[in-house]
There are 2 protein chains.
Amino acid sequence: MIKLSRFTDYAVVILAELARGEAGRLRLAASDIAARTNLPEPTVAKILKSLTRAGILSSTRGVNGGYGLTRMAEKITVADIITAMDGPISLTDCADSSPCVLEGHCSMHGRWGKVNFAIRTALSSVTLVDLMQVSVRKPSPFALPAGESAAVEE
Amino acid sequence: MIKLSRFTDYAVVILAELARGEAGRLRLAASDIAARTNLPEPTVAKILKSLTRAGILSSTRGVNGGYGLTRMAEKITVADIITAMDGPISLTDCADSSPCVLEGHCSMHGRWGKVNFAIRTALSSVTLVDLMQVSVRKPSPFALPAGESAAVEE
DNA sequence: TAAAATAGAACTATATAAGTCCTGTATTTT
DNA sequence: AAAATACAGGACTTATATAGTTCTATTTTA
């Protein structure tokens with residue numbers, strides 16, 4: 001199974017929360033985001049840092065600091081989010097990392113190139129907005145267990 | 001990073017070996033395949049069983065038994081191979097498995113649907129033949145370390 | 001009937017991901 | 001200027017999934 005890390009799903013939940021308020025102009029502290037999403041705070045903090053390093057979020061320090069989107073949700077693709085959280089999108093370990101020791105006789109190198117390209121194209125065609133438009137039919141009547149993805153549209 | 005299991009890459013190597021001889025009519029025993037691909041035999045055996053269960057290979061038991069492709073390499077897609085080795089193609093755990101306990105309020109359920117569809121489409125458009133056409137420029141001058149993907153076109 | 005080859009399951013070890021915690025740095029308010 | 005607030009980054013622990021191995025049963029041909 002091709003799996004993305006749980007963090008990537010959390011990241012979408014977090015980004016969706018930030019994209020909701022005032023056309024993306026919302027600015028929230030890590031603790032607020034954790035509270036709103038019901039995700040554990042240390043985990044949220046870690047994800048926010050990754051998203052900031054990748055340039056999807058901007059951060060401000062100090063007393064009234066927090067995080068906010070750097071661009072509109074329409075401009076944030078699934079490929080952007082996955083890349084931020086998990087590194088380059090590639091089905092194999094070495095297919096895209098430059099320091100490949102087996103360079104020249106590693107059969108993986110060329111083999112998966114077309115597939116990786118196809119995947120990247122597919123993931124670039126879906127944006128954060130697309131992910132947000134899907135609302136859950138029945139809102140959760142009770143609190144989700146800790147550790148579960150917990151973004152339920154109310 | 002979105003990763004496929006190493007087994008899936010091995011599977012491609014094995015299938016490529018079987019697709020080479022006589023327009024796919026080759027029939028080889030597990031031990032032969034292990035020898036030709038330089039992959040550990042128990043691992044090869046395991047992969048062959050998975051591919052057989054999935055219907056990509058057929059097997060015959062007994063003294064002159066072995067494995068062979070059930071259809072032409074052009075008809076075997078990357079999606080087929082990945083599904084055979086790693087189960088349904090889905091970026092999340094529950095998005096496609098029927099027994100989802102959180103059914104109804106699991107936010108993942110709808111969220112990744114479009115993305116999964118895009119991925120499956122992309123993977124269905126690449127066939128085993130496409131993967132085989134990529135040959136390595138310099139053949140390996142020495143044996144690859146055990147555990148590395150070791151299919152080098154000679 | 002003996003040898004060769006696949007089928008399938010159970011088990012162990014290892015690598016990766018997830019989660020937590022600690023220390024440091026920047027900014028704002030009092 | 002000092003204190004409080006909030007982000008930055010790294011180290012560490014634990015849990016889980018993957019990879020790999022081994023053993024037993026079944027099937028087929030010589």
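Chain naming here is simple, since letters A, B, ... match the order of the sequence lines and numbering starts at 1 in each.
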Please give, in whole Å, the distance from [N] [atom2] to [X] [atom1]?
{"X": "A/Asp9", "N": "C/dA18", "atom1": "CG", "atom2": "P", "answer": "11 Å"}
{"X": "B/Asp32", "N": "C/dA5", "atom1": "CG", "atom2": "C1'", "answer": "11 Å"}
{"X": "B/Ile47", "N": "D/dT18", "atom1": "CD1", "atom2": "P", "answer": "14 Å"}
{"X": "B/Leu51", "N": "C/dT6", "atom1": "CG", "atom2": "P", "answer": "13 Å"}
{"X": "A/Ile82", "N": "C/dA17", "atom1": "CD1", "atom2": "P", "answer": "14 Å"}
{"X": "B/Leu57", "N": "C/dA5", "atom1": "CG", "atom2": "P", "answer": "17 Å"}
{"X": "B/Ile33", "N": "C/dA5", "atom1": "CD1", "atom2": "P", "answer": "12 Å"}
{"X": "A/Leu48", "N": "D/dG10", "atom1": "CG", "atom2": "P", "answer": "17 Å"}

* To do: Give the C-alpha distance, both sets of side-chain angles, the deciding distance and a yes or no for side chain to side chain contact (heavy atoms under 4.5 Å, CB included) between A/Thr127 and A/Lys75.
  => CA-CA 7 Å; A/Thr127 73; A/Lys75 297 282 185 181; over 6 Å; no
Does [Y] offer a backbone N or O that forms a donor-acceptor pair with the side chain of [X] under 3.5 Å?
{"X": "A/Asn116", "Y": "A/Leu91", "answer": "yes"}
{"X": "B/Thr70", "Y": "B/Ile56", "answer": "yes"}
{"X": "A/Arg120", "Y": "A/Ile89", "answer": "yes"}

Would one find a side-chain N or O of [X] under 4.0 angstrom from OP1 or OP2 of [N]?
{"X": "A/Tyr67", "N": "D/dA8", "answer": "yes"}
{"X": "B/Ser59", "N": "C/dA7", "answer": "yes"}
{"X": "A/Thr52", "N": "D/dC7", "answer": "no"}

* To do: Report the C-alpha distance between B/Met132 and B/Leu15 in whole Å, list the side-chain angles of each, state the deciding distance to 0.1 Å, and finish with yes or no for side chain to side chain contact (heavy atoms under 4.5 Å, CB included).
  => CA-CA 9 Å; B/Met132 292 173 65; B/Leu15 290 171; over 6 Å; no
* **B/Thr83 and B/Asp80 side chains, donor-acceptor separation under 3.5 Å** =>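 The answer is no; no qualifying pair exists.
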* Does the side chain of A/Thr121 come under 3.5 Å of the side chain of A/Ser124 through a donor N or O and an acceptor N or O? ->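 The answer is no; no qualifying pair exists.
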Any N/O pairs under 3.5 Å between the protein and nucleotides 10-15 of chain C? List them or say none.
none

* To do: Scan B/Ala45 against the nucleic acid and name what it touches under 4.0 Å (heavy atoms): base, sugar-phosphate only, or nothing.
  =>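 No contact.
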* If the sugar-phosphate is the primed atoms plus P, OP1 and OP2 and the base is the rest, what is the B/S/- string for nucleotides 22-27 of chain C, using protein heavy atoms under 4.0 Å? -> ---BSB
* **DNA chain D: 5'-proximal contact among B/Pro42 and B/Asn64 (nearest heavy atom)** =>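 Its nearest nucleotide lies further toward 5', so the answer is B/Pro42.
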* **The single option from A/Leu123, A/Leu128, A/Asp130, A/Val129 passing side-chain contact (heavy atoms from CB on, under 4.5 Å) against A/Val126** =>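 By the side-chain contact (heavy atoms from CB on, under 4.5 Å) criterion, A/Val126 pairs with just one of A/Leu123, A/Leu128, A/Asp130, A/Val129: A/Asp130.
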* side-chain hydrogen bond (donor to acceptor under 3.5 Å, both in side chains): pairs with one or both residues in residues 43-58 of chain B, sequence neighbours excluded ->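 Pairs touching residues 43-58 of chain B that pass the test: B/Arg27-B/Ser58.
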